[in-house]
Amino acid sequence: MAIKTTTPIYPITQTDPESSYAEAYRTIETNIQLLSMNVKAFLVTSARPGEGKTSTAANLAIVAAQATKRVLLVDADLRHPQLAHRFHVSTNTGLTKVLRQGCELQEAVLPTEVEGLHLLPSGPIGINSPSLLSSLAFTSLVGKLKSKYDLVIFDAPPVLPVSDALVLSRNVDGIVFVVDGAASNRLAALRAINEIHKVQGKIIGGILNRGPRDNDNAYYYTPTFDPPSHESTMPLN
Ligand SMILES: Nc1ncnc2c1ncn2[C@@H]1O[C@H](COP(=O)(O)OP(=O)(O)OP(=O)(O)O)[C@@H](O)[C@H]1O
Ligand SMILES: [Mg+2]
């Protein structure tokens, strides 16, 4: 099934909250809360680029906000920030400005069309931006965000090419690990999980993105989305 949409980059849980896809994200979000009662902040990562981290982070943030939580979605992928684009937001402020230039948080955090969901975009990025994630200022910012919101979700870079997600893992309560079921490379996933374990990162859930519907290996699960047809403006994320 190829879904056609004129708003191709807005998350599916917002464009079609009644869909089975949105229902799957709600189930995942509930499972995360049930299995990990004290999680106030988690990051979303994967072994390699393009496995569906940003789509997963955005959709989980939306369903959590729809469940009446105060949620902040943070673009902590300072290599390939995508969230401002996905939420159709144009801004020149965000995380890097808060950390580097002491920009006030309330100036950098943006409301979204989803009630209860705020977005902290990446801000302008440069070659040294990722080092901000290991700063004391970042640790202190995360503490502040956790006190202001019920849930803080970080969209992070992949584990294998760069160490940012491992660095970020020190400041969150858990990690949601996404595996692209359509292009799955078991060895890459195992290597990434091993790296996470080495830094005592706590994986609180795995998500098989684009995976087969009845795959028993995933303890969380999102529906299979067929590849787009050539005329589809796609995607479902
Ligand atoms: N379940 C899905 N069905 C269809 N398309 C999807 C699905 N998940 C992700 N995509 C598409 O795959 C591409 C990569 O997804 P996404 O940006 O979420 O991955 P990512 O892991 O954040 O990538 P990167 O590592 O580059 O940040 C995007 O074009 C997205 O629209
Ligand atoms: Mg991404």
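First listed ligand is number 1; within each ligand, the first listed atom is number 1. Note that the coordinates shown come from a computational prediction; the quantities given were computed from them, not determined experimentally. By convention here, the first residue in the shown sequence is residue 1.
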Colleague: In this structure, which one of Thr139, Val167, Asp164, Asn171 forms a side-chain contact (heavy atoms from CB on, under 4.5 Å) with Ser134?
Modeller: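 So, applying the side-chain contact (heavy atoms from CB on, under 4.5 Å) to Ser134 and each of Thr139, Val167, Asp164, Asn171, only Val167 qualifies.
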
Colleague: What atoms of ligand 1 come within less than 4.0 Å of a heavy atom belonging to His80?
Modeller: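 Atoms satisfying the 4.0 Å criterion: 24 (P), 26 (O), 27 (O).
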
Colleague: Below 2.8 Å of the Mg ion (ligand 2), tally up the protein N/O/S atoms for me.
Modeller: 1

Colleague: With a cutoff of 4.0 Å, is Glu51 in contact with ligand 1, counting heavy atoms of the residue only?
Modeller: yes

Colleague: Any idea which part of Asn209 is under 4.0 Å from ligand 1, heavy-atom wise: side chain, backbone, both or neither?
Modeller: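 It is the side chain that touches ligand 1; the backbone stays farther off.
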
Colleague: Measure across Lys40 and Asp150 and return the closest heavy-atom pair with its distance rounded to 0.1 Å.
Modeller: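 For Lys40 versus Asp150, the nearest heavy atoms are CE-O, 3.4 Å.
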
Colleague: Looking only at non-hydrogen atoms, find the nearest pair between Leu73 and Ala57 and report the distance.
Modeller: CD1-O, 3.8 Å

Colleague: As an exercise, state the distance from CG of Leu133 to OG of Ser169, rounded to the nearest 0.5 Å.
Modeller: 11.0 Å

Colleague: Check whether any side-chain heavy atom of Leu145 lies under 4.5 Å from a side-chain heavy atom of Leu105, and answer yes or no.
Modeller: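 Yes, close enough: below the 4.5 Å cut-off.
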
Colleague: Between Lys198 and Glu195, does any NZ, NE, NH1 or NH2 come within less than 4.0 Å of an OD or OE carboxylate oxygen?
Modeller: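 Here Glu195 pairs with Lys198 in a salt bridge, since their nearest N and O are under 4.0 Å apart.
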
Colleague: Over all heavy atoms of both residues, which pair between Asn209 and Gly52 is shortest? Give the atoms and the distance, please.
Modeller: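 Asn209 and Gly52 have their closest heavy atoms at ND2-CA, 3.5 Å.
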
Colleague: Same cluster or not: Val162 versus Val178, using hydrophobic residues (I, L, V, M, F, W, Y) connected whenever any side-chain heavy atoms lie under 4.5 Å apart?
Modeller: no

Colleague: Does ligand 1 have an atom that lies less than 4.0 angstrom from a heavy atom of Arg86?
Modeller: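 Yes, that is the case, since the closest heavy atom of the residue is under 4.0 Å from the ligand.
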
Colleague: Which heavy-atom pair separates Cys103 from Ala108 by the least distance, and what is that distance?
Modeller: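 The pair with the smallest heavy-atom distance is SG-CB, 4.3 Å.
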
Colleague: Quick check: does Gly50 get an N/O under 3.5 Å from an N/O on ligand 1?
Modeller: yes

Colleague: In ligand 1, which numbered atoms sit nearer than 4.0 Å to a non-hydrogen atom of Asp77?
Modeller: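 Ligand 1 atoms under the 4.0 Å threshold to Asp77: 27 (O).
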
Colleague: Show your reasoning for whether salt bridge (charged side-chain N to carboxylate O under 4.0 Å, His left out) applies to Arg48 and Asp180.
Modeller: CA-CA 9 Å; Arg48 296 175 305 177; Asp180 184 344; over 6 Å; no

Colleague: Tell me whether Arg48 has any N or O atom under 3.5 angstrom from an N or O of ligand 1.
Modeller: no

Colleague: What are the atoms of ligand 1, with element, lying closer than 4.0 Å to any heavy atom of Pro49?
Modeller: 25 (O)

Colleague: What heavy-atom pair brings Arg79 and Pro157 nearest, and what distance separates the two atoms?
Modeller: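 Looking at all heavy atoms of both residues, the shortest contact is CG-CG, 4.1 Å.
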
Colleague: Backbone or side chain, does any N or O of Ser55 fall under 3.5 Å from an N or O of ligand 1?
Modeller: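 Yes - when backbone and side-chain N and O of Ser55 are compared with those of ligand 1, one distance drops under 3.5 Å.
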
Colleague: Between Asp155 and ligand 1, which part of the residue brings a heavy atom under 4.0 Å of the ligand: side chain, backbone, both or neither?
Modeller: neither

